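A short write-up of the structure that comes next.
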Amino acid sequence: MIFDSLRWLGMDWDEGPDIGGPCGPYTQSERLDIYRQKAAELIDKGWAYRCNCTPERLDQVRDEQRARGETPKYDGHCRNLTPDAIAPDEPHVIRLKVPQEGTTIVHDSLRGDIVFDNTLLDDQILLKSDGFPTYHLAVVIDDHLMGITHVLRGDDWISSTPKRVLLYRAFGWQPPVYAHVPLVLGADGKKLGKRHGAISIAEFRRMGYLPEAVFNFLALVGWSPGEGEEQEVFTREELIQKFDIERINLAPAVFSYEKLDWMNGVYIRNLSREALLQHLIPFWVEAGFIPYPVPAGILRVLEIMVPLVQERLKHLTDVVELTDFIFTDIATPSPEDLIPKKTTPEQSLEIVRAIVKELAKLVSWDAESMEPALREMAAELNVKAGQVFNIIRVATSNKRVAPPLFGCLEALGRETTLKRLGQAEDVLVSHIAQQGS
RNA sequence: GCCCCCAUCGUCUAGUCUGGUCUAGGACACAGGCCUUUCAAGCCUGGUACAUGGGUUCGAAUCCCGUUGGGGGCACCA
């Protein structure tokens with residue numbers, strides 16, 4: 001799923017568990033022997049030790065430390081046992097032997113040196129009692145063996161980085177270049193995480209965002225081209241060319257869906273009609289409006305609708321609500337909606353009847369011929385064209401707000417349009433009758 | 001509690017390193033207007049910000065220190 005999401009965003013990679021490569025195996029469970037061997041190496045070098053403290057004892061120690069207002073950390077109970085005090089075959093973990101004096105410096109390419117007092121660092125567990133490594137051990141070994149040169153992470157990882165720097169030192173390896181990027185916050189100012197407001201890339205897709213828009217927007221969260229550059233909409237190629245780690249802003253950024261929505265709209269408007277059509281079809285299918293594959297007759301209707309909705313979409317999903325009346329039956333409009341302001345029910349009825357007459361005599365059922373005919377008709381009736389259009393809109397869609405009228409009528413077809421206008425006529429007739437009694 | 005990071009409009013940011021051109025620029029959102037068959041889109045106009053106190057300096061959004069505020073971390077999770 002992560003692979004699919006990354007691919008959707010247009011990211012690719014040179015090697016990995018899905019495509020193989022020279023640095024495999026890539027799955028942790030297939031590398032357990034490496035971790036065990038390396039952990040043993042650290043014990044031999046005096047950089048690690050075995051520990052068989054029970055979880056209960058550790059909890060108790062931590063509780064006591066917290067009660068005393070100290071930073072909870074391992075109390076070193078097993079730190080100075082003789083190497084053979086705990087046999088390799090009895091249950092135990094392996095801990096990092098953090099120096100008890102001095103400092104560890106994390107060089108962050110965005111922030112410079114961050115200095116940590118070693119006495120504050122915990123004797124981190126490296127290998128768990130089930131034989132699996134913790135993240136710290138695994139990532140250091142894997143990154144080194146796989147030739148990783150740069151590590152970019154959220155700044156919530158800063159405080160655990162000295163442990164890994166120490167591991168590099170213990171192994172005698174060169175640490176990678178670290179850059180800790182600011183966190184992305186939710187609207188409430190809290191870290192966006194799995195359990196707090198964050199959504200997966202797959203969800204962006206489901207919500208009707210275009211990958212190009214998400215890619216562009218994400219690049220702009222915490223980064224900007226600077227130097228007076230005021231462009232915000234960039235192609236992928238421009239971003240790849242312009243993006244510079246050094247220009248990442250250090251303050252955490254609030255994730256703004258409002259701006260993402262705007263940007264998605266920009267990208268939707270920039271799409272060709274054909275491309276937008278292809279993007280939209282799955283959402284129409286998903287809504288149950290059209291079958292898939294799309295029959296030629298329906299495709300023609302879709303092709304009419306695409307330009308009408310293009311500049312009205314913020315999300316691709318918006319097309320469902322915008323065009324539902326084209327594909328499904330509508331509820332009968334209320335008389336109130338069919339009677340514009342400053343118009344009597346009788347006038348409305350007269351207008352509807354005139355519309356039906358006018359449309360019925362159209363030779364060709366297309367948007368271009370409807371408009372002039374109806375405008376002329378409105379002039380003859382001495383009413384504003386807008387009023388006429390509003391009535392037609394409500395009668396045919398049961399919406400006060402809809403995409404441009406004549407295109408919709410064309411898409412709807414002569415038969416359905418006239419049927420709905422006939423229903424509107426009925427509504428007005430019975431409304432007038434009720435009022436009269 | 002302890003440690004770490006950060007601080008310009010409501011939000012994302014330019015400007016900070018290399019003090020003066022910043023009465024602080026842009027974008028989103030918001031308000032008003034234009035256009036208009038509704039809604040959008042587009043165009044125009046508007047309001048809103050250098051957290052605070054002290055230094056350094058002829059001069060500070062820009063450099064230094066304190067304070068305040070926000071965020072993060074403190075697992076046999078990643």
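Values below: every heavy atom of this structure, side chains too, minus hydrogens, waters and symmetry copies. Chain letters run A, B, ... following the sequence lines, proteins first, then strands; residues in each count from 1. Please read these numbers as outputs of a predicted model, since none were measured by experiment.
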Please report the distance separating the [atom1] of [N] from the corresponding atom of [M], rounded so that it comes out in whole Å.
N: B:G19; M: B:A29; atom1: C1'; value: 34 Å
N: B:G1; M: B:U62; atom1: C1'; value: 36 Å
N: B:A14; M: B:G33; atom1: C1'; value: 29 Å
N: B:A61; M: B:U23; atom1: C1'; value: 14 Å
N: B:G53; M: B:U68; atom1: P; value: 15 Å

Revision key, fill the gap. Reading nucleotides 4-11 of chain B from 5' to 3' and marking B where a protein heavy atom lies under 4.0 Å of the base, S where only the sugar-phosphate is that close, and - otherwise, the string is SSSS---S
Study note, to complete from the structure: Per-nt protein contacts along nucleotides 32-37 of chain B (heavy atom under 4.0 Å; B base, S backbone sugar-phosphate only, - none) come out as -----B
Suppose we define a pair by two distances each less than 3.5 Å, Watson-Crick or G-U wobble; what does [N] pair with here?
N: B:C74; result: B:G1
N: B:C22; result: none
N: B:A7; result: B:U68

Check your understanding: Is the closest side-chain heavy-atom distance between A:Val165 and A:Ile105 below 4.5 Å?
Key -> no
Check your understanding: Only one of A:Glu56, A:Arg62, A:Glu64 clears side chain to side chain donor-acceptor pair (under 3.5 Å) with A:Gln60; which?
Key ->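 Among the candidates, only A:Glu64 passes.
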Pairs: protein N or O with nucleotides 42-45 of chain B N or O, under 3.5 Å:
unit_1: B:G42; atom_1: OP1; unit_2: A:Arg269; atom_2: NH1; d: 3.4

Review point. Is there any salt bridge (charged side-chain N to carboxylate O under 4.0 Å, His left out) pair reaching into residues 209-223 of chain A, and which pairs are they, with sequence neighbours excluded?
Key: none
Exercise for review: Could you list all the salt bridge (charged side-chain N to carboxylate O under 4.0 Å, His left out) pairs where at least one residue sits in residues 69-92 of chain A, not counting sequence neighbours?
Suggested key: A:Arg57-A:Asp75, A:Arg68-A:Glu70, A:Arg79-A:Asp123
Exercise for review: Could you name each residue pair satisfying ring pair (Phe, Tyr, Trp, His ring centres under 6.0 Å) that touches residues 47-92 of chain A, not counting sequence neighbours?
Suggested key: none
